[in-house]
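None of the values given here were measured: they were computed from a predicted structure.
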Amino acid sequence: MVLVGGRASVRNRAETFGLDYANLLEALGELGDAWRDYLEVLSGW
């Protein structure tokens with residue numbers, strides 16, 4: 001199962017699991033930022 005494939009998919013998953021859509025988008029944004037920062041650190045090695 002693909003967890004995230006776009007905003008519509010995020011909304012569907014939020015509804016499926018009873019999650020708050022706005023909070024889920026914010027959390028995914030923070031996760032994306034953290035992942036990008038991590039990859040930048042790795043690329044400096």
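Applying the side-chain hydrogen bond (donor to acceptor under 3.5 Å, both in side chains) criterion to Asn23, with sequence neighbours excluded, gives Asp20. When the side chain to side chain contact (heavy atoms under 4.5 Å, CB included) test is applied to Ala14, the partners found at least two apart in sequence or on another chain are Leu19, Tyr21, Leu24.
Residues in residues 25-35 take part in these salt bridge (Lys or Arg N to Asp or Glu O under 4.0 Å) pairs, two or more places apart or across chains: Asp33-Arg36.
Leu31 places none of its side-chain heavy atoms less than 4.5 Å from the side chain of Trp35.
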